[in-house]
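See structure below.
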Amino acid sequence: MSIDADTLVDWFGTAGRDLPWRRPDCTPWGVLVSEIMLQQTPVARVLPIWAEWLARWPRPSAMAAASQGEVLRAWGRLGYPRRALRLHAAAGAIAEQHGDQVPSDVDTLLALPGIGAYTARAVAAFAYGKRAPVVDTNVRRVVARAVHGAGDAGPPSTTRDLADVEAILPDTDRAAARFSAALMELGALVCTARSPRCADCPLLDGCAWHRAGKPAYTGPAKPVQKYAGTDRHVRGLLLAVLRETEGPVPKSRLDVVWSQAGQRDRCLDSLLVDGLVEQTADGRFALPGEH
DNA sequence: AAAACGTGGCT
DNA sequence: TAGCCAAGTTT
């Protein structure tokens, strides 16, 4: 059982969102920036930051010329700030090793920091119109339902997931790229995780899950991510202080964000190790490259 | 392979 | 309200 590509792509043409990184005039660099920002982050929160970034840093070399701290500050509250650091590093590599042009080859993209199996293929497909299996959480869910008749995707397995999607990808570059964008969009708008809108689904007739009576997902439960009180929480609080402050701050400014000294110090240390924070010669703390 | 890694909106 | 969820990558 497969997916009717024409039906899906037709639906995408009418129901797909007009996102700026999908417009014909968007550069490969714009696509790459969007893909990094969209990792684990909703479109609505990415939209304004993406626009700021592309206006401020229209090419990789422009971003590479900024300091890490500037980039982290511009990242704001998008979350997972190591993405910003890695994108900055990728921009430097692209500027210096690839003539300021985002690579179009999957393996070359994979060699860049912060670019994994999904992002490399997303850039190849969406920025360069290449045929490559683009597998994100939306695609995994749609394929699990429409093709396999399961309520949801099981635990990810890059090799198997790529093969699954490769098998249903249209033959030509152009058609495959369009198909991938449409598949993702269907997962984002219709075949959603919580309450799928099957009544609006263009694939309903051929959907294995629908045909099977929409059985509930039976696989292993996804591990719940705690946040309150975790190191991630504390690191976020620490970084927020540095983001909102002009220059270096004394440790006392950081100490007030969390009462447990042990956890607080451990988190500050991990931020230093990760390169998200730097210590000045006089012992104060700052975003990297900003003193 | 499992766990760490931010943040905020929605149900 | 507490938990679920959002275009993943790295170690």
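The shortest distance between the side-chain N/O atoms of A/R86 and the OP1/OP2 oxygens of C/dT10 is not below 4.0 Å. Put simply, A/R243 has a side-chain N or O that comes within less than 4.0 Å of OP1 or OP2 on B/dT7.
The distance between atom CG of A/L109 and atom P of C/dT9, rounded to the nearest whole Å, is 11 Å. Regarding A/L85, its CG atom lies at a distance of 15 Å from the P atom of B/dC5, rounded to whole Å. Atom OH of A/Y80 is separated from atom C1' of B/dG8 by 12 Å (rounded to the nearest Å). In this structure, CZ of A/R83 is placed 16 Å from P of C/dT11, rounded to the nearest angstrom. Put simply, CG on A/L242 is 15 Å from C1' on B/dG6, counting in whole angstrom units. One interatomic measurement links the two molecules: CG of A/D161 to P of C/dT9, which rounds to 12 Å at whole-angstrom precision. Atom CG of A/D136 and atom C1' of C/dT9 are 14 Å apart (whole Å). Atom-to-atom, CZ of A/R140 to P of C/dA6 comes out at 11 Å; the value is rounded to the nearest Å.
A/R232 comes within 4.0 angstrom of a nucleotide base, judged by non-hydrogen atoms across all strands. Across all strands, A/T230 comes closer than 4.0 Å to no nucleic acid atom at all (heavy-atom distances). A/T119 comes within contact range of the sugar-phosphate backbone alone, with a heavy-atom separation under 4.0 Å but no base atom that close. A/P156 comes within 4.0 angstrom of no nucleic acid atom, judged by non-hydrogen atoms across all strands. A/G116 comes within contact range of the sugar-phosphate backbone alone, with a heavy-atom separation under 4.0 Å but no base atom that close. Across all strands, A/D231 comes closer than 4.0 Å only to sugar-phosphate atoms, never to a base (heavy-atom distances). Backbone-only engagement by A/A117 is indicated by non-hydrogen atom pairs under 4.0 Å involving sugar-phosphate atoms exclusively. Counting non-hydrogen atoms under 4.0 angstrom, A/P223 reaches nothing in the nucleic acid.
Using a cutoff of 4.0 Å between basic side-chain nitrogens and carboxylate oxygens, A/E278 and A/R284 are not scored as salt-bridged. For the pair A/R264 and A/D255, the salt-bridge criterion is met [side-chain N within less than 4.0 Å of a carboxylate O]. Between A/K251 and A/D265 there is a salt bridge, since a side-chain N of the basic residue sits under 4.0 Å from a carboxylate O of the acidic one.
Using a distance-only test at 3.5 Å, with no hydrogens or angles considered, a donor-acceptor pair links the side chain of A/R22 to the main chain of A/R17. Between the side chain of A/R197 and the main chain of A/C191, no donor-acceptor pair closer than 3.5 Å is present.
B/dA4 and C/dA7 have their P atoms separated by 23 Å, given to the nearest Å. Separation of the C1' atoms belonging to B/dA1 and C/dT11 is 11 Å when rounded to the nearest angstrom.
The closest side-chain heavy-atom distance from A/P202 to A/D4 is not below 4.5 Å. Side-chain contact between A/V31 and A/Y128: absent, with no pair of heavy atoms (C-beta onward) separated by less than 4.5 Å.
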Scan nucleotides 2-5 of chain C against the protein and return all N/O pairs shorter than 3.5 Å with their distances rounded to 0.1 Å.
from  : atom 1 : to     : atom 2 : distance (Å)
C/dC4 : O2     : A/R194 : NH2    : 3.1

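Aromatic ring centres of A/H148 and A/W209 lie farther apart than the 6.0 Å criterion allows. Annotation: A/W57 is not in aromatic contact with A/W29 [ring centroid separation under 6.0 Å not met].
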request  = Apply the test salt bridge (Lys or Arg N to Asp or Glu O under 4.0 Å) to residues A/R140 and A/D161: give CA-CA distance (whole Å), side-chain angles for both, the deciding distance (0.1 Å), then the verdict.
outcome  = CA-CA 7 Å; A/R140 279 167 32 75; A/D161 296 340; 3.1 Å; yes

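Between the side chains of A/R83 and A/T41, at least one donor N or O lies within less than 3.5 Å of an accepting N or O.
Contacts between residues 14-42 of chain A and DNA chain C, defined by a heavy-atom separation under 4.0 Å, are made by A/R17, A/L19, A/W21, A/R22, A/E35, A/L38, A/Q39, A/Q40, A/P42.
Of the two residues near DNA chain C, A/F126 and A/P113, the one whose nearest nucleotide lies more 5' is A/F126.
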